[in-house]
Amino acid sequence: MSYVYEGLPARLGLVRGVRHQRLTQEPGGPTTYTTVEEFHGPLVRLAGPGRVADGFRRHAEGLKRRAEAVASSRPGE
């Protein structure tokens, strides 16, 4: 899943961001979550990855909690 940041700075061309997320699983193995963020524009230094890292971390933790809750609610797992 990917999504584009569309806030006011993006509409003004000052900071553009795209976030790509992927869940992968080898047969019988654990599920792995990866995310890559791409930032472009003249104000990236002010509003780029460092400013949003905590939100990314909280997002990943929430996804992990939800996935574990779903997995634990399945019979036989």
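For the single chain, residues carry numbers from 1 onward in sequence order. All heavy atoms count here, side chains included; hydrogens, waters and symmetry mates do not.
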- Message: Does Gln25, at its CD atom, have more than 12 non-hydrogen atoms belonging to other residues, nucleotides or ligands within less than 6.0 Å?
- Response: yes
- Message: Under the rule for side chain to side chain contact (heavy atoms under 4.5 Å, CB included), what residues qualify as partners of Thr24, not counting sequence neighbours?
- Response: Arg22, Thr32
Residues 62-69, side-chain donor-acceptor partners within the protein, below 3.5 Å, at least two apart:
from, atom 1, to, atom 2, distance (Å)
Lys64, NZ, Glu68, OE2, 2.7

- Looking only at heavy atoms, which two atoms of Val44 and His40 are closest? And how far apart? CG2-C, 3.3 Å
Check: residues 8-21 side-chain donor-acceptor pairs under 3.5 Å, at least two apart:
from, atom 1, to, atom 2, distance (Å)
Arg11, NH1, Glu6, O, 2.9
Arg16, NH1, Gly13, O, 3.3
Arg19, NE, Thr35, OG1, 2.9
Arg19, NE, Glu37, OE2, 3.0
Arg19, NH1, Tyr3, OH, 3.1
Arg19, NH2, Tyr33, OH, 3.2
His20, ND1, Ser2, OG, 2.6
His20, NE2, Glu38, OE2, 3.4
Gln21, OE1, Tyr33, OH, 2.7
Gln21, OE1, His59, NE2, 2.9

